[in-house]
Chemist: 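Take a look at this one; I'll ask things after.
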Amino acid sequence: DTGVSQDPRHKITKRGQNVTFRCDPISEHNRLYWYRQTLGQGPEFLTYFQNEAQLEKSRLLSDRFSAERPKGSFSTLEIQRTEQGDSAMYLCASSLGQGRGEQYFGPGTRLTVT
Amino acid sequence: GQNIDQPTEMTATEGAIVQINCTYQTSGFNGLFWYQQHAGEAPTFLSYNVLDGLEEKGRFSSFLSRSKGYSYLLLKELQMKDSASYLCAVRRDDKIIFGKGTRLHILP
């Protein structure tokens, strides 16, 4: 257990529905990252926050995806009008904004779109 | 752009030594990470190299050559629990760019 938690751990939804995932980082970490991982691939960067500011979004992140970190603590990732291609593991990670910058990952939310 | 290459799969025997290589070409470089990921679980941090040379931590060592864009992870005295994917990842400013990972199978 790294201290990063994600909820839910699994989500099955029908195509076209909206889903929201939550991530609670390690409390003293000011950076929070979202990744998507599919089978046989490494984690792909989606977006990251420093405190409450969203500093970068990947071109992979279509306008159906939105992320927030309103108070600089937990974050949510929402996917609107889900598609089957959105099926993946969504990983959250957090880090201190200094030093080596290693990221500590949560257990992930596995999304299945039927 | 960025490109991180590592073998897709490797097989080794319990008790042996295995070296997993990684080459990278990235538009920026601030260090190189290795992460371990067991099936169905999140990646966990193994090592970090920012200067050239070898970093040793117990049974695991990681090497970096920045001029060659090359790193390796060396695992000694392999145990069955080392069966996992090993992810090579480059730090670029505040971000980490991951390779696709090497799936390591350990045979008894």
Side-chain angles (χ1 to χ4, degrees), chain A residues 1-7 9-10 21 23-26 29-51 53-61 88-110 112, chain B residues 1-10 20-24 26-51 55 57 60 62 64 71 73 84-105:
Chain A
D1 183 357
T2 60
V4 180
S5 60
Q6 292 186 246
D7 184 70
R9 296 290 304 276
H10 303 273
F21 309 143
C23 171
D24 286 86
I26 295 170
H29 285 182
N30 59 13
R31 293 212 175 119
L32 187 148
Y33 299 79
W34 285 100
Y35 292 87
R36 179 170 63 194
Q37 186 175 27
T38 54
L39 200 62
Q41 303 294 313
E44 290 178 297
F45 169 79
L46 293 178
T47 188
Y48 89 102
F49 294 83
Q50 175 149 324
N51 301 314
Q54 188 173 19
L55 296 188
E56 188 171 339
K57 289 171 61 173
S58 166
R59 283 171 289 179
L60 294 174
L61 215 62
M89 176 75 87
Y90 289 84
L91 292 164
C92 172
S94 69
S95 74
L96 286 169
Q98 58 192 2
R100 296 183 303 200
E102 73 265 34
Q103 296 177 13
Y104 295 86
F105 283 82
T109 295
R110 181 167 294 286
T112 303
Chain B
Q2 48 247 358
N3 196 36
I4 301 172
D5 286 317
Q6 50 182 129
T8 304
E9 286 190 84
M10 297 181 71
I20 303 174
N21 296 323
C22 171
T23 57
Y24 62 90
T26 55
S27 53
F29 181 85
N30 297 105
L32 190 136
F33 290 97
W34 284 94
Y35 277 78
Q36 180 190 59
Q37 186 175 26
H38 285 100
E41 298 182 11
T44 55
F45 169 77
L46 284 179
S47 69
Y48 176 69
N49 294 69
V50 64
L51 299 176
E55 294 277 344
K57 193 193 296 185
F60 293 5
S62 56
L64 176 67
S71 173
L73 180 69
S85 286
Y86 292 85
L87 301 165
C88 174
V90 170
R91 179 182 177 184
R92 199 186 71 189
D93 297 325
D94 298 334
K95 287 166 50 180
I96 299 178
I97 312 298
F98 286 86
K100 294 183 178 181
T102 298
R103 198 155 52 246
L104 177 64
H105 305 278

Chemist: Contact part of A:Gln37 toward chain B, heavy-atom cut-off under 4.5 Å: side chain, backbone, both or neither?
Modeler: side chain

Chemist: Which atoms of A:Glu56 come close to chain B, meaning under 4.5 Å heavy atom to heavy atom: side chain ones, backbone ones, both, or neither?
Modeler: side chain

Chemist: To the nearest 0.5 angstrom, please state how far the OH atom of B:Tyr35 sits from the CD atom of A:Glu102.
Modeler: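 That separation rounds to 6.5 Å.
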
Chemist: Looking at chain B, which one of A:Pro107, A:Gly101, A:Gly108 has the largest number of heavy-atom pairs inside 4.5 Å, strictly under?
Modeler: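 That would be A:Gly101.
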
Chemist: Give, for atom CD1 of B:Ile97 and atom CD of A:Glu44, the distance between the pair rounded to the nearest 0.5 Å.
Modeler: 10.5 Å

Chemist: Does a side-chain heavy-atom distance below 4.5 Å link B:Leu87 with A:Pro43?
Modeler: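 They are in side-chain contact.
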
Chemist: Taking side chain to side chain contact (heavy atoms under 4.5 Å, CB included) as the definition, give me every residue that meets it alongside B:Asp94, ordered by chain and number, with sequence neighbours left out.
Modeler: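 Side chain to side chain contact (heavy atoms under 4.5 Å, CB included) list for B:Asp94, sorted by chain: A:Arg31, A:Tyr33, A:Tyr48.
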
Chemist: Indicate the atoms forming the closest heavy-atom contact of B:Ala42 with A:Leu91, along with that distance.
Modeler: CB-CD2, 4.2 Å

